[in-house]
Chemist: 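The structure follows.
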Amino acid sequence: MTDTQDKSTESTIYQLWEKQGLFKTDPDSTKPSYSLLMPPPNLTGELHLGHAMQHAIMDAIARFKRMQGFDVLLLPGVDHAGIQFEGTFNKLLAKEDLSKQKLGREEWLKRAEVFREENYQSFHKTWTVFGLSADWSKEVYTLEPKVQKAVFAEFETFWEQDLLYKGAYIVQWCPKCGTAIEDLEMEYQERKEKLYFVKYRVIAKDVDRHASARDDDDDQEYITVATARPETIYADTGIAIYPKHPKFSKLVGKTAINPLTGNLIPIFEDPRVDKEFGTGALKITPGHDLLDYEIGKEHSLPILHVIDKKGRMTNLAPLLEGLKIDEAREKTVQLLETKTAIAESKEFAHSVPVCERCKTTVEPLISEEWFIKMEPLAKKALKHIGQIKFYPGNYNKILSDWLENIHDWCISRSLWWGIRIPVWYCQKCNPNHLVGKDKDMVVSKEEPGKTCQSCSEKHWVQDEQIFDAWFSSGMWPLATLGWPENTPELQRYYPWDFELTSPEIKFLWIARMIMLSLWFEDKIPFKNMFFHGMLRDLQGRKFSKSLGNGINPGELRDQWGTDSTRMALYSYSVPGRDAKASRQTMDERCKNFRNFGTKLKNIYRFTMELKPEVLGMPTSAPQSDVIARSQLAEKQSHADDKLILNQLNNVVLGVTKNLEDFNLHLALDEIYEFIWHQLADVYIEKSKARRAQAQPCLEQVLEICLKLLHPFMPFTTEELWQKIPHTEKSIMLAKWPIAR
RNA sequence: GGACUUGUAGCUCAGUUGGUUAGAGCGUUUCAUUCACAUUGAAAAGGUCAGAGGUUCAAGUCCUCUUAAGUCCACCA
């Protein structure tokens, strides 16, 4: 059979399943429910090998549970992926010489929607092509009204519970993305940079600055600080030394002169200054450093800004205004040198935070943002996290440790692609968009119909910012089921039985889902949480576009077929284990399972197409349940039959157990070994001598094998199922075999 | 600095609660072939299970230490 025929067979089979509604839930039945929540892929780029593995695992479990007699909900969805989508899309726009600014919010959103739709179509195709048996009628998208409604309820509840606050705080800012980001969205790059030792002149606190400004005085005192960022000196508002500094402690209470601005800045002690680093004195720049911000706050230092949100110098540095940071740094050093303020400089290595998405250096700066107080949520999560079964188990500890150490969550982003913050301000009475319970603002999804309480007029403007995408995807377990309404789906399918994801987003997503779900619905979001390993290249690096080391799952499928590709992926699906893969190792495994598929087809051919003519086609229904099988075993007295049925019985036991425990790789090993080496190599070979007698047993074993394999190889097993005597229209409707 | 994970055949990886001669796939070598299947079959070579110590009748598996690699968290003036 040629590849094209294979593919058209697969697509015919997929359509057959869909047409018969086999992916749909059966909520009115008396069956127990089993729910699986697909991690929604980001709507950027194409699906990669990791996605293919996730989908393959989810689908196998869904199919297994259906055959076991559960009413299965496998709910698919996609994520709008705020910052990532916006970055990707803006890059595309730049190629057409367009930008957000040029287009304006409305037109930009229109075009973004078109781009979204294109990505979505490509996603959907890949999904169906891999045989995913999801209930497409229940598909959810994180920007659709259903989710928006849940997110609004989420925000409103937090507001009412006094867990929300908005204000100017120091945040990690990505100048390129133009938004605040979280610690979790940053990574670090090792860089060799220069560490400058800068001298600040010290004067007595009460001495008139003018009087002390004579620089020809030899008795001048200096305090030297080490900095890698001399350009921020403009915004220095203090100098801190560690307590009881042998050299500098006598300067405490005195005043230093900022060498660039001439501002007078206090010198004081603070225990957070590292004794070992530099001179033991730290320049304090509350506007551009997290620690400095904290120290500055305690010592009531003013906050100055010398770097703006575009990563350029402000007019606080008049000579450098508008310059980028690297240029400004160079110029600042020159300026300081002319003032002989640099005592020395040396190379040193440190890691610099960059934006995980665009690799731009992150600038800590002050910005108006929204935050949630997370402590009560984390505490509640910690109380109940033990009810979730993690695969592998140590993720309970990893997540708990993080929850123990929770920080407030900055949920606002200065982007356009996402759910806009549902807060309206009276333009007239509240032009600065301040937030307070009784101020001139309203929490509302739509433009408020009522008038402002202060001015009795209607001049509402909505908050410009949107929510962090994790603020909505954190609600995924609830929003997908129609929360905040108490829907029948919510009652039936929540908590989810199974969830899986990559360990990369354990805090960003999984921890958030646990906290939010417990907070709003008082129940854990999922009973089983499966973390698959990361697929990496042979050098152990992540797959990435920039490295060009990615493996396209579609190409594997085109070459080896869907079932073979799925099987290859299962062999890498051990929970929590990273694995190294290349196109070659994937090809090797795919080839192996393609051969296995061929073996299976040949077993079918031998059994059904080349059966001895003396045997008529069986008229009775296939016997696959436990009673029929044991009857058969008794009736057939031949030792070979007994042996193979016993072996098969053990395989049924093992495969079932391993699937229950989500050990897909072990389940596969077992069934592979049985079919190839026990059934084909031994039993079938021996049966040739007594073919007619062995026929019923052969048919029986084949049928059970198809069922056992169906979760893993849905297409091949369906194709063969249709060719053997069967009562159920599809193997998807067949009952999972039960061991004696 | 803190936590976690890994080190098993040439390569990529399995090995559930400790139980005979340590497994798979690919690769390598030899032989077979009118057979359901060359997308095959039979066989072979290849491992001090990172190292050391301990517990045990018994350790790849449990404990301690050493070592190497990786991941995550915190910090990086």
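Side chains included, hydrogens not; waters and symmetry mates left out as well; all remaining heavy atoms used. Numbers restart at 1 for each chain; the letters A, B, ... are given by sequence-line order, proteins then strands.
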Chemist: Compare side-chain N and O positions of A/K599 against OP1 and OP2 of B/G41 and report whether any pair is under 4.0 Å apart.
Modeler: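 Yes, within the criterion.
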
Chemist: Across all strands shown, which nucleotide pairs with B/U64 by Watson-Crick or G-U wobble geometry, both distances under 3.5 Å?
Modeler: B/A52

Chemist: Taking the side chain of A/N602 as its heavy atoms from C-beta onward, which of B/C73, B/A36, B/U39 lies nearest to it?
Modeler: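 Closest nucleotide to the A/N602 side chain: B/A36.
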
Chemist: Pairing donors with acceptors under 3.5 angstrom, does anything connect the side chains of A/Q559 and A/E555?
Modeler: no

Chemist: Could you tell me how far apart A/I684 (CD1) and B/G41 (P) are, to the nearest whole angstrom?
Modeler: 12 Å

Chemist: B/C73 P sits how many Å from A/I505 CD1, rounded?
Modeler: 13 Å

Chemist: Is the phosphate of B/C73 approached by A/N405 (side-chain N or O, under 4.0 Å from OP1 or OP2)?
Modeler: no

Chemist: Check ring-ring contact (aromatic ring centres under 6.0 Å, His included) between A/Y391 and all other residues, then give those that pass, not counting sequence neighbours.
Modeler: A/F662

Chemist: Nearest to the side chain of A/R536, heavy atoms from C-beta on, is which of B/U71, B/C76, B/G41?
Modeler: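 Shortest atom-to-atom distance from the side chain points to B/U71.
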
Chemist: If I take atom CG in residue A/D537 and atom P in nucleotide B/G70, what distance separates them, rounded to the nearest angstrom?
Modeler: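 Taking atom P of B/G70 as the reference, CG of A/D537 is at 13 Å.
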
Chemist: Here's one to test your reading of the geometry: is the NZ or CZ of A/R566 within 45 degrees of the ring axis of A/F715 and under 6.0 Å from its centre?
Modeler: no

Chemist: Using a distance-only criterion (donor-acceptor N/O pair, under 3.5 Å, no hydrogens), is the base of B/A36 paired with the side chain of A/E685?
Modeler: yes

Chemist: For B/C26, what is the paired nucleotide under Watson-Crick or G-U wobble rules, both distances under 3.5 Å?
Modeler: B/G10

Chemist: Only distances under 3.5 Å count here; give the side-chain donor-acceptor pairs of residues 239-247 of chain A to other protein atoms, sequence neighbours excluded, each with its distance to 0.1 Å.
Modeler:
from	atom 1	to	atom 2	distance (Å)
A/H245	ND1	A/K247	N	3.1
A/H245	ND1	A/F248	N	3.1
A/H245	NE2	A/T279	O	2.8

Chemist: How would nucleotides 4-23 of chain B be written as a contact map, 5' to 3', with B for base contact, S for sugar-phosphate-only contact and - for no contact, using protein heavy atoms under 4.0 Å?
Modeler: SSS-----BSSS--------

Chemist: Using distance only, find each side-chain donor-acceptor pair of residues 535-543 of chain A under 3.5 Å and give its atom names and separation, not counting sequence neighbours.
Modeler:
from	atom 1	to	atom 2	distance (Å)
A/R536	NE	A/D578	OD2	3.0
A/R536	NH1	A/G540	O	3.3
A/R536	NH2	A/D578	OD2	3.2
A/D537	OD1	A/Q539	N	3.0
A/D537	OD1	A/G540	N	3.0
A/D537	OD1	A/R541	N	2.8
A/D537	OD2	A/R541	NE	2.8
A/D537	OD2	A/R541	NH2	2.9
A/D537	OD2	A/N549	ND2	3.0
A/Q539	OE1	A/R541	NH2	3.1
A/K542	NZ	A/E504	OE2	3.1

Chemist: I'd like to check the ring-ring contact (aromatic ring centres under 6.0 Å, His included) partners of A/Y293; sequence neighbours left out, ordered by chain and number.
Modeler: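 Here no residue qualifies.
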
Chemist: Give the nucleotide from the list B/C72, B/U40, B/G25 with an atom nearest to the side chain of A/K506.
Modeler: B/C72

Chemist: Counting any heavy atom closer than 4.0 Å, what does A/K283 reach on the DNA or RNA strands: base, sugar-phosphate only, or nothing?
Modeler: nothing

Chemist: Quick one: is A/W676 getting a side-chain N or O under 4.0 Å of the B/G41 phosphate, OP1 or OP2?
Modeler: yes

Chemist: What residues, two or more places apart in sequence or in another chain, satisfy ring-ring contact (aromatic ring centres under 6.0 Å, His included) together with A/F596?
Modeler: A/Y672

